[in-house]
Amino acid sequence: MKKESKKTNSKNAIKRVKILTICLLVVLISMIGFFGIYAQNRNQMSNKVKDYSYSMALKGTRTIILQVSAGTTEVVKDSEGNVIENATEDEIKEKGYITEEVPNNKEEDKTVENYKKSKKIIEKRLDYLGVQEYNVSLNEETGEITVEIPEDSRTDVIVSKLNVMGKFEIIDAETKEVLLDNSNIKSSDVLYNRTETGTRVFLEISFNKEGKKKLRDISKTYVKTEVENNSVENNVEANSTTENETVENNTTTENTDEENKQTIEKKVTMKIDGQEIMSTSFDEEMKEGKLQLSVGQVATDTSELQEYVTEAQNVAVSLNDGNLPLKYNVLKNQYILSDITKPDLVIVEIVMAVAMLVGIIILIAEYKLNGLLTGIAYIGLAAIYTLLIRYANVTLSIESIFGIEIMLVLNYIFTLRLLKNIENKDNSVNKATIETYKKFFNMVLPICILSIVFCFVRWITISSFGMILFWGLVIIAIYNAIITRSLLKINLEEK
């Protein structure tokens, strides 16, 4: 009897340790999910857990008004009216160049068609920059474009790229002849190359069919070549030398072959909006129609890498989808606060927490220890749900907060069904769990279908609601099978 009693006590102790271990894990996850992880950063404590992404309705809106430029630009021209770029003051005086002010936009270019094209390009730039929610409106009479985007740490960078014209040119470094321009670009992207010493960032420009052919021809023409360094003066001197001197010179030439060769490098210059990005020649023929440009040095840490990536993206966003047909100036750049303040969101969180607490108390009163264990598991699910929403980049809107409440209610219904099925003595925990899953997901099948459909809707309020439902159903299915079932199984079936 004593041995059996000791054995029973030992099993009960192991059972309690297992339950306690899982509960502590849930508590740890809950602390991270609800309160975060804080560490010192530049003499202040900062939360290392990613913050939520809020919609414009919750966080506020940055409103930018872009106005068709009515200003002028100083242009240098020669006597024939050709534009001379990068001319110095000395060159202007010496060669008699003419300096005049020209309008930024020609009157004939101020058309509704160009206004609409500018609006479309700005929308594509916002998409490329990863802005999930935005409003872009156009005044077709004046060409004025109003852009509304959420306020976050990237907003200022995004705003700076909206009115960049993005005029791309590859020109002959000497003659200034335009060899390639925006019409030849298919797309541009940012690439990475990881090596043992670090990560290098590249800007890859892909050209269309016509551009591919032009790039191939350019790469065969603008190359480094070696020529014999024999000028006319050298030939004259050679003819006037004596025969002995000629022999001596020939002997010297054979020994200094490399010194008699000169490298001639024919270069092209790449410009964006008239600003020189780089000047180079080609080492090999470009057959693939792609041009890769190295950005910065080899990055060895995250901050340095992000700096180079941002620099490359800034150029890429200017090249994709063509250049703006008109020059725009920023007329207004204003942050408008949301009608819903942080205290309002805190009140919502408190109400949800109180509702969860009341629900858990009901579970404990009805199902005792099983109710307590499922209540603890329920809190852990809510914490993991908050983490998943953040790291899945789900944008929180008023509609998606309502979706979170729906998912928490559905999980409570799942928990109640599971506890009721376990009360049936003919059911093991595994059998009760399987029955609960079948009935529950048959019940919520329409919600599953709607959540997937909503995820692909372009309207952010609907897509965020769909993402909230989708991830909620996923977490209910996986978390309860691992944590909730394990707690109940250890408590009821281990003796």
Checklist line | Worked verdict on Ile389 versus Trp471 for side chain to side chain contact (heavy atoms under 4.5 Å, CB included) | finding: CA-CA 8 Å; Ile389 289 170; Trp471 288 117; 5.7 Å; no
Evaluate the side chain to side chain donor-acceptor pair (under 3.5 Å) criterion for residues Asn139 and Glu144: first the C-alpha distance (whole Å), next the side-chain angles of each, then the deciding distance (0.1 Å), finally the verdict. CA-CA 5 Å; Asn139 184 329; Glu144 190 174 272; 5.3 Å; no
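- Looking only at distances, a side-chain donor or acceptor of Tyr328 sits under 3.5 Å from a matching main-chain atom of Gly143.
- The number of heavy-atom neighbours closer than 6.0 Å to CD of Glu285, taken from other residues, nucleotides and ligands shown, is above 12.
- The closest side-chain heavy-atom distance from Ile447 to Leu410 is below 4.5 Å.
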Would you sort out whether Phe402 and Ile468 count as a side chain to side chain contact (heavy atoms under 4.5 Å, CB included), showing the intermediate values? CA-CA 9 Å; Phe402 179 64; Ile468 287 289; over 6 Å; no
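- Contact between Ser338 and Met56 at its shortest, heavy atoms only, is CB-O, 4.2 Å.
- The distance from the CD1 atom of Ile171 to the CE atom of Met270 is 11.0 Å, given to the nearest 0.5 Å.
- Of all heavy-atom pairs spanning Thr395 and Tyr54, the tightest one is CG2-C, 3.8 Å.
- For the side chain to side chain contact (heavy atoms under 4.5 Å, CB included) test with Phe414, the passing option among Thr436, Val409, Val444 is Thr436; the others fail.
- A heavy-atom distance below 4.5 Å is not found between the side chains of Lys186 and Phe207.
- Applying side chain to side chain donor-acceptor pair (under 3.5 Å) to Ser397 and the options Ser55, Ser463, Ser464 leaves one that passes, Ser464.
- Counted within 6.0 Å of CD on Glu141, heavy atoms from surrounding residues, nucleotides or ligands total 12 or fewer; the atom is thus considered open.
- With respect to the salt-bridge test (charged N to carboxylate O, under 4.0 angstrom), the residues Glu113 and Lys116 do not qualify.
- Contact between Ser30 and Ala383 at its shortest, heavy atoms only, is CA-CB, 3.4 Å.
- No more than 12 heavy atoms of other residues, nucleotides or ligands lie within 6.0 Å of CE in Met31, so this atom counts as exposed by the packing criterion.
- Remark: side-chain polar atoms of Tyr115 are not paired, donor with acceptor, to backbone N or O of Ile145 under 3.5 angstrom.
- Judged purely by distance below 3.5 Å, without hydrogens or angles, the side chains of Ser69 and Asn329 pair a donor atom with an acceptor atom.
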Q) Between Leu179 and Glu177, does a side chain to side chain contact (heavy atoms under 4.5 Å, CB included) hold up when you go through it step by step? A) CA-CA 6 Å; Leu179 306 172; Glu177 177 191 357; 4.0 Å; yes
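- With Arg125 contributing its side chain and Val164 its backbone, the two residues share a donor-acceptor pair below 3.5 Å.
- With a 6.0 Å radius and a threshold of 12 heavy atoms from other residues, nucleotides or ligands, Lys209 has its NZ atom at or below the threshold.
- Atom CZ of Phe456 has 12 or fewer heavy atoms from other residues, nucleotides or ligands within 6.0 Å.
- In this structure, Ile476 and Tyr437 approach most closely via the heavy-atom pair O-OH, 3.7 Å.
- Both tests do not hold together for Arg62 against Tyr335: distance to the six-membered ring centre under 6.0 Å, angle to the ring axis within 45°.
- Between atom OG1 of residue Thr461 and atom CZ of residue Phe454 there is a gap of 10.0 Å, rounded to the nearest 0.5 Å.
- A side chain to side chain donor-acceptor pair (under 3.5 Å) check over residues 402-416, counting only residues at least two apart or in different chains, returns the pairs Asn411-Asn480.
- Of the possible polar contacts, none joining the Asn135 side chain to the Glu148 backbone as a donor-acceptor pair under 3.5 Å is found.
- Heavy-atom minimum distance, Ser219 versus Met286: OG-N, 2.9 Å.
- Summarising the local packing, NZ of Lys220 is surrounded by more than 12 heavy atoms from other residues, nucleotides or ligands at distances under 6.0 Å.
- Nearest heavy atom pair, residue Phe168 against residue Ile205, reads CE1-CD1, 4.1 Å.
- The environment of Lys290 atom NZ is sparse: at most 12 non-hydrogen atoms of other residues, nucleotides or ligands sit within 6.0 angstrom.
- Expressed to the nearest 0.5 Å, how far CD1 of Ile32 lies from CG of Leu387 amounts to 7.0 Å.
- Remark: Thr142 OG1 to Leu138 CG distance equals 7.5 Å, nearest 0.5 Å.
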- I would like to know whether Lys120 and Glu123 meet salt bridge (Lys or Arg N to Asp or Glu O under 4.0 Å); could you show each step before the answer? CA-CA 5 Å; Lys120 188 175 181 181; Glu123 288 174 337; over 6 Å; no
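- A donor-acceptor pair under 3.5 Å is formed between the side chain of Thr155 and the backbone N or O of Pro150.
- To the nearest 0.5 angstrom, Asp109 atom CG is 6.0 Å from Asn114 atom CG.
- Using a distance-only test at 3.5 Å, with no hydrogens or angles considered, a donor-acceptor pair links the side chain of Asn47 to the main chain of Ile37.
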**Report entry** Full working for side chain to side chain contact (heavy atoms under 4.5 Å, CB included) between Ser400 and Met467
**Finding:** CA-CA 8 Å; Ser400 59; Met467 291 290 286; over 6 Å; no
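- The closest donor-acceptor contact from the side chain of Tyr378 to the backbone of Leu408 lies under 3.5 Å.
- Distance CG/Leu191 to CD/Gln292: 5.5 Å, rounded to 0.5 Å.
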